[in-house]
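Start at 1 and go down the list; that is how both ligands and their atoms are numbered.
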Amino acid sequence: MNATRRSILTSLSDGPVSGPEMAADLDVSRAAVWKHIEALREAGFEIESRGDGYVLSSVPEFGAGSVEYGLSAPFEVEYHDSISSTNDRARELAVSGADGIAVLADEQTGARGRLDREWASPSGGIWLSIVRRPELPPAQVPIYTLAAAVASAEALREVGVDAEIKWPNDVLVGDEKLVGILTEMEGEADRVSWIVVGIGMNANVDETTVPTTATTVREQVGDVDRAAVTRGLLERFDELTSTPEDVLPAWREAASTLGRRVRVETPGGEVVGEAVDVEFPGTLVVATEAGEQRVSAGDCEHLRPTGE
Ligand code: BT5
């Protein structure tokens with residue numbers, strides 16, 4: 001959505017406002033205001049014309065406008081009812097130089113998890129990919145993934161879901177997965193060129209449409225306002241990535257992995273022991289029989305405590 005349209009929505013949210021008033025405030029013509037109002041109506045916003053001016057009477061349930069409306073984070077939202085993969089689209093935008101775009105979809109038909117695993121994305125989910133071009137060495141990219149996990153877990157707790165993070169970035173309720181995150185990047189040795197953080201949240205979807213190891217927000221607490229959840233997530237993600245030193249404390253707070261026995265499949269073999277801490281930029285410290293080991297990537301499984 002362009003900046004003028006966003007400003008029109010902001011002034012409409014403060015009560016009735018006339019076309020000439022908006023035109024003067026925004027320094028555009030009255031015809032331009034009228035064109036923006038029509039475009040907003042087409043995007044699903046109900047805007048009444050009354051004697052005392054325009055009044056916003058309802059906001060669409062889910063889409064670019066409904067997420068951007070009231071969003072206090074610097075993202076433009078590109079919305080698709082259905083798309084193959086929001087990460088693929090975000091990569092395309094990133095390659096052509098975009099920054100600060102969030103690609104959002106109601107449904108994906110060819111979504112990917114890590115290592116090209118399939119990611120079920122029925123209609124009703126929050127399928128989101130954020131494009132950023134941070135000044136960051138590639139080795140520090142995991143902090144963005146952890147930030148996305150924290151932002152997702154906190155947005156879910158906000159609506160009453162008992163969400164916890166499993167290292168590094170799955171969000172679960174108990175043992176069932178509710179959010180998966182796929183971060184992709186391109187860069188040189190010392191600096192990231194772009195980064196795409198893909199977040200898949202099983203929101204208003206039936207549990208029968210996701211794998212049996214998964215759960216959904218609908219199953220946990222019923223349907224939620226997806227636009228509000230997406231806004232919360234984008235705002236917290238922006239806050240955390242602006243102050244990276246806040247990510248690990250917030251991650252420890254939301255994670256269930258620390259203090260647990262874990263088995264981590266890493267590219268260099270299996271690491272089994274107690275997860276004792278997480279270190280910048282997202283390294284898991286595991287106390288094993290052979291001493292402490294640091295793991296920076298891998299699939300993690302929570303084990304039952306020994307003796308149970
Ligand atoms: C992930 O991979 O958890 C990353 C998923 C990222 C999906 C988002 S959606 C928006 C963006 N666009 C994309 O194309 N991708 C991103 P991984 O840790 O590899 O987990 C994949 C495994 O999770 C699969 O092999 C299934 O076992 C399971 N799975 C598949 N769909 C699921 C779902 N909807 N909910 C929970 N688990 C699922």
Side-chain angles (χ1 to χ4, degrees), residues 62 67 75 77-94 101-132 141-142 144-153 155-156 161 163-185 194-220 226 229-230 233-234 237 257 262-267 282 284 295 297-302:
F62 197 48
V67 172
F75 293 110
V77 178
E78 180 186 289
Y79 174 78
H80 301 264
D81 282 328
S82 181
I83 193 170
S84 169
S85 154
T86 54
N87 258 46
D88 288 351
R89 173 64 186 145
R91 287 177 68 113
E92 233 173 67
L93 291 166
I101 293 199
V103 181
L104 181 67
D106 174 57
E107 172 193 67
Q108 295 178 110
T109 52
R112 297 176 281 115
R114 293 176 301 156
L115 308 170
D116 263 334
R117 294 172 187 140
E118 270 180 39
W119 183 259
S121 309
S123 166
I126 297 177
W127 319 120
L128 175 70
S129 300
I130 304 169
V131 182
R132 279 304 245 328
V141 164
Y144 267 62
T145 315
L146 264 61
V150 172
S152 305
L156 285 163
V161 177
E164 289 182 317
I165 304 171
K166 183 180 74 161
W167 182 86
N169 48 47
D170 283 349
V171 177
L172 314 178
V173 176
D175 292 331
E176 292 179 322
K177 184 155 159 174
L178 186 53
V179 177
I181 297 173
L182 173 67
T183 301
E184 298 180 288
M185 56 149 278
W194 53 258
I195 172 167
V196 166
V197 182
I199 302 170
M201 184 182 286
N202 301 326
N204 302 342
V205 301
D206 276 337
E207 70 262 30
T208 52
T209 57
V210 292
T212 51
T213 51
T215 185
T216 74
V217 173
R218 175 177 285 172
E219 186 183 7
Q220 296 297 323
R226 285 184 293 164
V229 171
T230 309
L233 203 165
L234 287 172
F237 178 77
T257 301
V262 296
R263 177 191 298 123
V264 190
E265 304 281 347
T266 78
L284 188 67
V295 188
D299 277 319
C300 171
E301 188 188 345
H302 288 166

Ion pair Arg112/Glu118, N-O distance below 4.0 Å: no

Polar proximity ligand 1 side, Gly113 side, N/O cut 3.5 Å exclusive: no

Closest to atom 35 (N) of ligand 1 among Asn169, Val196, Val210, Asn202 (heavy-atom distance): Asn202

Geometric N/O contact Thr213 with ligand 1, under 3.5 angstrom: no

Pair Thr215, Gln220: side-chain N/O donor-acceptor within cut-off below 3.5 Å: yes

Heteroatom proximity flag, Asp299 to ligand 1, N/O under 3.5 Å: no

Lys166 with Asp299: basic N within carboxylate O range, under 4.0 Å: no

Ligand 1 contacted by Ile199 (non-hydrogen, < 4.0 Å): yes

Proximity flag Thr86 to ligand 1, non-hydrogen atoms under 4.0 Å: yes

Ser123 side chain to Glu107 side chain, donor-acceptor N/O pair below 3.5 angstrom: no

Arg114 N/O under 3.5 Å from ligand 1 N/O: yes

Subset of ligand 1 atoms that lie under 4.0 Å from at least one heavy atom of Pro211: 29 (N), 30 (C), 31 (N), 32 (C), 33 (C), 38 (C)

Residue and atom name of the nearest protein heavy atom (relative to atom 17 (P) of ligand 1), distance in Å to one decimal: Arg117 NH1, 3.5 Å

Heavy atom of protein closer than 4.0 angstrom to atom 27 (O) of ligand 1: no

Point-to-point distance, once rounded to the nearest 0.5 Å, from CD of Gln108 to CH2 of Trp119: 10.0 Å

Ligand 1-proximal atoms of Ser129, by part, heavy-atom distance under 4.0 Å: side chain

Cationic N near anionic O, under 4.0 Å, Glu184 to Arg91: yes

Option of least heavy-atom distance to atom 12 (N) of ligand 1 (set: Gln108, Glu118, Arg89): Gln108

Side-chain donor-acceptor pair present, Thr145, Asn169, cut-off under 3.5 Å: no

Short side-chain to backbone donor-acceptor contact, Thr216 and Val205, under 3.5 Å: yes

Candidate with minimal heavy-atom separation from atom 14 (O) of ligand 1, of Ser85, Ser84, Ala105: Ser85

Contact atoms of ligand 1, heavy-atom distance to Asn87 under 4.0 Å: 11 (C), 12 (N), 13 (C), 16 (C)

Trace of the side-chain contact (heavy atoms from CB on, under 4.5 Å) decision for Leu172 with Leu178: CA-CA 5 Å; Leu172 314 178; Leu178 186 53; over 6 Å; no

